[in-house]
Undergrad: 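Take a look at this one; I'll ask things after.
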Amino acid sequence: MHVQQEQQSLESRYTPLAIEPKWQQIWAEQGLDQTPANQDQPKFYALSMFPYPSGNLHVGHTRNYVITDVVARLKRMQGHRVLQPMGWDAFGLPAENAAIDRGIHPAKWTAENITHMKDQLQLLGLSIDWDREITTCSPDYYRWTQWIFLEFFQAGLAYQKESAVNWDPVDQTVLANEQVDNEGRSWRSGAKVERKLLRQWFLKITDYAEQLLNDLDQLSGWPERVKLMQANWIGKSVGAYLEFPLIGLAQSIGVFTTRPDTAYGVTYLVLAPEHPLTRRITTPAQEAAVEAFVQEVTAQSELERTAEDRPKRGVPTGGKAINPFTGEAIPIWIADYVLYEYGTGAVMGVPAHDTRDFEFARTNRLPIEVVIVPEDQRQPPANPTEAYTEPGVLVNSGQFDQMPSDQAKAAIIQKAQTDGIGKARVQYRLRDWLISRQRYWGAPIPIIHCPQCGPVAVPAADLPVQLPENVSFSGRGVSPLAQLSEWINVPCPSCGTPAQRETDTMDTFIDSSWYFLRYADAQNAQAVFDPAKVNDWLPVDQYVGGIEHAILHLLYSRFFTKFLRDRGLLNFDEPFQRLLTQGMVQATTYQNPVTGKYVPPDQVDRGNPQDPDTGEPLEVLFEKMSKSKYNGIPPEAVTSKYGADTARLFTLFKAPPEKDLEWDAADVEGQFRFLNRVWRLVYEFTQNSQSAGGDSQPTSMTKAQKDLRRAIHTAIQAVSEDLEAHQFNTAVSELMKLSNALSDSACQDAVYLEGIETLVLLLAPFAPYIAEELWQALGHEQSVHRQNFPKADPEAMVLDEITLVIQILGKTRGTIQVPASANREELERYARDSELAQRYIQGKEIKKAIVVPGKLVNFVVA
RNA sequence: GGGGGCGUGGCGGAAUGGUAGACGCUGCGGACUUAAAAUCCGUUGACUGUUAAAAGUCGUGAGGGUUCAAGUCCCUCUGCCCCCACCA
């Protein structure tokens, strides 16, 4: 008895730094965060986008994990078996840069970062099942990344093609886009980056374009804007493929157009400089000019070529084609604005009806032929001053004259088909996914190139193709792997001839395109996963991550899921049921507006921010946390002073989850104060409760008791609804309201106890440590996190009286109290008879009374 | 150029077409204290008003509209933010 009392007694002061480590340990011992193995509860899979182990977590990262954890804890209390795993997206460029700059092996650098960041995560009270931790750079994981690649290869969806890379001519190395600055120079050598063609691996995501687009409709739990971004990225255009026969060659040039209705207005064709026909159609007179132009364009980096406001430049090839609709000969040009990768790499020029074509025709003195006029204007303008791009009626279009342009699209496609010169076609902006990286720190592509057999898959039994460890990182030359002849040279698995390994590694987006599947069966050493386990846990019920992954990561993951489903490994089409894209966390930065330099906050006098070097006044900004801006706030900055619960509440309360959040120390304190108030409520109650006795629910309640009970159950309802809608900020404010109602209440009875216990239970998903401590102090032995989340009792929320708003001509004039049971007529009578209404009506005639039951009465008076 | 979003007190932000500013922060006043911190109480959109109240007027970027009633719906404008971008 004595022992138990001691165990239960509560310190008078809230000491997070004492209670948090205690519960962390107890929970670990009890295995509270382990994923249940039972199948009798409904499953819930809560997932945060896994971090890149860059070295340090800041509160921008932890916001993500806290949101997921609140959802996971809530779902557990609501009777679900919950899977909440965590892992590391551990391949990638920064590790390799660290190796180049500091001589640390990427594996070591990454492992150290993971150790540190995992410690940081542990502080936050996240209910993560660490038994399922995965690390993408571990051979246990990338073995299966390679296995999945081979599935694509066997399905014919992984193929090789020549493609351009950023080439540093000084270091003789391939650069990632991030390693090329805005001026198109290499980050290390400063050399002007060139384009170079290499044979590289692609995944045929375009085969899934239509499905990836259509299935967006299934994703009712995704933000609209993410779905729109994906749809725009896939970029479906409906139009026609038309062929223009070449003069002097038994061949034609195919183009894609969304405007087949303008076919009679085609006065020239333009090819991309890389187009294979370019050199064949060029006439001797133009050869020199064309060659020079092709050289110039191909030497330019992607960045330069697509730079904004570039004039559209081109040269004539001298070659000519026939417009098969008009029968006229039209010139063929090449120009830098035509993209070889999109459509057919060739476009038809319709200057009269396309703004860009108009501009190009003007500059290059090409003919402009009007073939569409507005409906109310049947005469084509003699000298058009701009392109007419709207729908209209066809003119100068032979048999199609007078036809509305919308109708003409189909009619002209029909004619093209009949004449054998074209057909309807759907074109996507989405291109196949270039997955080759000429880097070390990634999963090696498991292919062996055999002079006899071509590219051959590494046999599954030989996986993983391990990364060799003894490698030098100079940042020069082709990839480190390509320099290791003993690693490269192997016999062909198929015929035994001497052959060579592929030296490219895979894009890290591949690693993250399937990690959410592996968590369902993370330890499996025999297979990529057990389909039964994956089909049980997946799809992810709630995915939480940054908006920056709205396109690529989410699209690739959807693609992998659909592909693996087609391979018979999965029985679902979409990996993520609900998606929450949380906003960034911003913190104060100090920037010198003259030099653009950022100054670390500890070198700045906040009252008078000046550059410590130059004395110039600094600009104070809120910006996304980043190393280069010195404004990253590590979670320890909060946890070491106020504890994890305060840190969690702050990030949840300060802003709605989708919005950016501004770091503010005063607001952090506000949350700490709130937790202190909750602590005191419970503490004082446990001190007084001996005298209050163990009354059960009184048979008849006083008004004060009824009011308190209503506040309790209203809070349950509001918190539940807000959590369901992911409005964590208002959910926390409801907790505060309940806490305020309890401290305002004079009761110290059974109703009050119900209120205190409800508050602690409602608080548990948000602030797990303090909730556990207080729950135990209230005399409970089982963890608060194993309790049922409270359910609102509708009876308790019934009001005897309601506040009725009185409006006169729509203007609120005040309120009156009326019985809640009053019907429409009674409400109107109460309102009309009220002193308040009489004062404003003053004998005027009531023309109309609008009664909104439970809310208001509005009198329209003359 | 295309697509999307947003504009509410000193600040972060609340408001199924129905009392705008919940909740919190800050500021101000007070209590407690020798004092401070912590804590507690009051107050904190602007204006008018009175000894004090009561009360009133205005107010959600600007202008118009729909409605008994608009922060919310519609139109025009304006400012800011994000994504994509020479996509034929």
Side-chain angles (χ1 to χ4, degrees), chain A residues 13 223-233 235-237 239-240 242 255-259 262 269-270 272 305-313 335-339 341-350 354-357 359-360 427-431 547-548 550-551 581 583-584 649-650 653-656 658-671 673-674 676-677 680 718 721-722 727 729-740 743 803-815 839 847-861:
Chain A
R13 277 176 54 100
E224 279 309 311
R225 78 172 177 134
V226 173
K227 287 192 275 185
L228 279 164
M229 279 160 72
Q230 294 222 345
N232 289 339
W233 186 261
K236 181 176 181 176
S237 313
L242 299 176
V255 303
F256 171 73
T257 179
T258 54
R259 293 295 304 274
T262 64
L269 299 179
V270 190
R305 188 164 164 188
T306 58
E308 225 176 323
D309 299 333
R310 274 176 67 84
K312 288 154 193 34
R313 297 176 51 238
D336 57 359
Y337 72 86
V338 178
L339 305 173
E341 298 82 22
Y342 182 74
T344 63
V347 299
M348 60 186 212
V350 188
D354 181 277
T355 318
R356 194 183 47 198
D357 292 350
E359 194 192 317
F360 191 75
Q427 182 69 46
Y428 301 91
R429 252 190 37 162
L430 182 69
R431 299 183 200 162
I547 186 72
E548 67 272 21
I551 299 175
T581 49
M584 305 180 307
L649 278 182
F650 167 79
F653 176 72
K654 173 83 177 173
E658 314 243 348
K659 281 194 69 173
D660 288 351
L661 177 156
E662 290 175 4
W663 180 259
D664 179 30
D667 283 326
V668 175
E669 280 214 41
Q671 297 310 309
R673 277 203 285 269
F674 166 58
N676 272 292
R677 283 196 291 272
R680 239 180 349 262
E721 285 173 3
D722 286 349
Q727 286 155 7
N729 55 331
T730 49
V732 175
S733 83
E734 293 298 335
L735 296 175
M736 292 171 171
K737 279 192 215 171
L738 177 57
S739 152
N740 291 345
S743 55
T803 302
L804 188 71
V805 173
I806 309 288
Q807 293 186 342
I808 311 293
L809 285 168
K811 220 179 208 2
T812 299
R813 290 301 178 180
T815 61
R839 182 147 36 99
K847 297 183 83 168
K848 202 171 162 192
I850 289 103
V851 180
V852 183
K855 285 254 165 65
L856 64 80
V857 176
N858 184 12
F859 291 111
V860 182
V861 296

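All figures in this text were calculated on a predicted structure; none of them were measured in a lab. Lettering of chains follows the sequences in order, A, B, ..., and the numbering in each one begins at 1.
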Undergrad: If I pick the P atom on B/C82 and the same atom on B/G27, what distance separates them, to the nearest angstrom?
TA: 31 Å
Undergrad: Does a side-chain N or O from A/Lys737 land closer than 4.0 Å to OP1 or OP2 of B/A22, or not?
TA: no
Undergrad: Given B/C87, is OP1 or OP2 found less than 4.0 Å from the side-chain N or O atoms of A/Thr257?
TA: no
Undergrad: Any side-chain N or O of A/Lys811 below 4.0 angstrom from OP1/OP2 of B/A70?
TA: no
Undergrad: Considering only atom P, compute the distance from B/G71 to B/C58 and round it to an integer number of Å.
TA: 13 Å
Undergrad: Can you tell me if A/Asn740 touches the phosphate of B/G24, counting only side-chain N or O atoms and a distance under 4.0 Å to OP1 or OP2?
TA: yes
Undergrad: Atom CD of A/Glu658 to atom P of B/C6: distance rounded to whole Å?
TA: 11 Å
Undergrad: Taking the six-membered ring for Trp and the full ring for Phe, Tyr or His, determine whether the centres of A/Phe653 and A/Phe674 are under 6.0 Å apart.
TA: no
Undergrad: Of the nucleotides B/A14, B/C87, B/G24, which has the atom closest to the A/Arg677 side chain?
TA: B/G24
Undergrad: Searching all strands shown, indicate the nucleotide that pairs with B/G29 (Watson-Crick or G-U wobble; both distances under 3.5 Å).
TA: B/C41
Undergrad: Could you work out the separation of B/U26 and B/A62 based on their C1' atoms and round it to a whole Å?
TA: 30 Å
Undergrad: Out of B/C82, B/U57, B/C86, which nucleotide sits closest to the side chain of A/Arg356?
TA: B/C86
Undergrad: Let me know the distance between CG of A/Asn858 and P of B/C68, rounded to the nearest Å.
TA: 10 Å
Undergrad: Once you round it to whole Å, what is the distance between C1' of B/G4 and CD of A/Gln230?
TA: 14 Å
Undergrad: Is A/Arg225 atom CZ crowded by more than 12 heavy atoms from other residues, nucleotides or ligands, each under 6.0 Å away?
TA: no
Undergrad: Kindly say if A/Asn729 contacts the phosphate of B/A14, meaning a side-chain N or O under 4.0 Å from OP1 or OP2.
TA: yes
Undergrad: When you measure from the side chain of A/Ala666, which nucleotide among B/U26, B/C87, B/A15 comes out closest?
TA: B/U26
Undergrad: Tell me: CG of A/Asn676 to P of B/G24, nearest whole Å?
TA: 15 Å
Undergrad: Ignoring hydrogens and angles, are the base of B/C87 and the side chain of A/Arg431 linked by a donor-acceptor pair under 3.5 Å?
TA: yes
Undergrad: Identify the nucleotide, in any strand shown, that forms a Watson-Crick or G-U wobble pair with B/C23, with both distances under 3.5 Å; if there is none, say none.
TA: B/G12
Undergrad: Rounded to whole Å, please give me the gap between CG in A/Asp667 and C1' in B/C11.
TA: 8 Å
Undergrad: Could you report the tightest heavy-atom contact between A/Thr344 and A/Phe256, atom names first, then the distance?
TA: OG1-N, 4.0 Å
